[in-house]
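Structure first, commentary second.
Ligands are counted one by one from 1 in listed order, and the atoms in each one are counted from 1 as well. Heads up: numbering here begins at 1 and tracks the sequence. Reckoned from all heavy atoms, side chains included, excluding hydrogens, waters and symmetry mates. What you see is a predicted model; the values in this text were computed from it and never measured.
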Amino acid sequence: MPVFTHSACLGHDTGAGHAEKPQRLGAVISALRSEFDDLDWREAPRATRGQLLRVHEASLLETVLESRPANQLELDADTVLSPQSAEAAVRAAGAGVAAVDAVMAGEATTSFCAVRPPGHHATSQTAMGFCLFNNVAVAAAHALDRHGLARVAIADFDVHHGNGTQAIFEAEPRVQYLSSHQLPLYPDTGHAHERGVGNILNAPLPPGTGSRGFRAAWGEHLLPALDAFAPQLVLVSAGFDAHWRDPLAQLQLDADDFAWITGELRKRARRHACGRLVSTLEGGYDLQALRECSVAHVRALRDV
Ligand SMILES: [Zn+2]
């Protein structure tokens, strides 16, 4: 299975004490390298300006790519640009584009993007919530425009609602966005009544929700909607911050739950999309949980 990453993603420096730190990605990569000896590690290319402009305003590209801060520039209280952030951001977005190209070319059915910064909070014009470019949205738009797909699903099980992904596609019926997330929690969007043009489905979960509530939300609401949509490609916003160890939220999942949802999504990809599934790392802020969950996720994605 191709796994896309780039060393520049480790160079995005959010500053001392920031939850979205380079060690997160280091933990994921080292866990995957030590657990699996058959992953096809590939260098993520840079997303092109044209690929980014499919979902982002030119003003955001200018902010992220042209600021060139000497040290750190705070875009908001959570979101920081450092000297290497522009390169990290274009590689993180480029990973998803390359992974879509790989599965559409039939090189593999599934692929994982081990990247940071995460993406799902970034809107068309605003970097926020640790996110600079919306990596999964750039990948989805590439699948529509470059590969001519008519139905692309984005399944987001990060503990936070992907407000940026929803906002980018809420009027785009070719993209379905499905999310489970804790509510109330940052960014306080993702209520059940937010439906877009019928292409958005949110399953907010109260703090303290564990395996049963999570699996019921997907099993009874989100996965049946995914089946009804019959996507030609499944994209996954894979955040592991709904794990019980995570310091930023209060859901109570463990690695088995992430293996379960990955397997369920893969079943739908096989049923509707010739198996095509591309997953990209979003959040997850406890290093031990990140190691366990990324291994469980990738194990369930592998072709063997
Ligand atoms: Zn998150």
Side-chain angles (χ1 to χ4, degrees), residues 9 12 14 17-25 27-28 75-80 88-89 92-93 96 112-123 126-137 139 154-168 177-191 194 200 202-210 213-214 217-218 222 235-255 257-258 261-262 265 279-294 296-297:
C9 294
H12 167 53
T14 48
H18 198 288
E20 205 290 282
K21 55 194 176 190
Q23 290 86 346
R24 298 178 54 247
L25 181 57
V28 168
L75 300 179
D76 68 20
D78 302 317
T79 313
V80 179
F112 181 62
C113 301
V115 294
R116 63 184 281 279
H120 71 157
H121 295 305
T123 69
T126 310
M128 60 181 281
F130 313 160
C131 303
L132 300 177
F133 295 135
N134 194 314
N135 306 320
V136 80
I154 301 174
D156 184 337
F157 54 73
D158 187 281
V159 81
H160 302 93
H161 180 242
N163 61 294
T165 311
Q166 175 172 305
I168 287 167
Y177 177 67
L178 306 170
S179 177
S180 63
H181 44 272
Q182 180 179 319
L183 201 68
L185 186 68
Y186 181 91
D188 290 318
T189 52
H191 296 267
E194 297 167 26
I200 306 288
N202 287 302
L205 303 171
T209 299
F214 174 78
W218 282 95
L222 302 173
L235 303 179
V236 181
S237 271
F240 301 113
D241 40 9
H243 191 277
W244 64 271
R245 292 182 58 93
D246 197 90
L248 298 194
Q250 292 80 41
L251 295 194
Q252 302 292 320
L253 304 189
D254 62 25
D257 296 308
F258 294 102
I261 186 58
T262 307
L265 292 171
S279 173
T280 189
L281 182 66
E282 298 281 1
Y285 303 97
D286 177 83
L287 298 185
Q288 184 181 325
L290 268 175
R291 283 189 280 269
E292 291 174 11
C293 296
S294 59
H297 181 59

Going by atom types alone, do N134 and T123 pair a side-chain donor with an acceptor below 3.5 Å? no

With a 3.5 Å cut-off and sequence neighbours excluded, list the donor-acceptor pairs that the side chains of residues 183-190 form with protein atoms.
unit_1: Y186; atom_1: OH; unit_2: G129; atom_2: N; d: 3.2
unit_1: D188; atom_1: OD1; unit_2: L185; atom_2: N; d: 3.2
unit_1: T189; atom_1: OG1; unit_2: H161; atom_2: ND1; d: 2.6

By salt bridge (Lys or Arg N to Asp or Glu O under 4.0 Å) - contacts of D158 (at least two apart): none

Looking only at N, O or S atoms, which one in H160 sits nearest to the Zn ion (ligand 1)? ND1

With carbon and hydrogen excluded and only N/O/S kept, which atom of D158 is nearest the Zn ion (ligand 1)? OD1

If we count only N and O atoms by modelled type, under 3.5 Å, do the side chains of T262 and H297 hold a donor and an acceptor together? yes

Identity of the N, O or S atom of D241 lying closest to the Zn ion (ligand 1): OD2

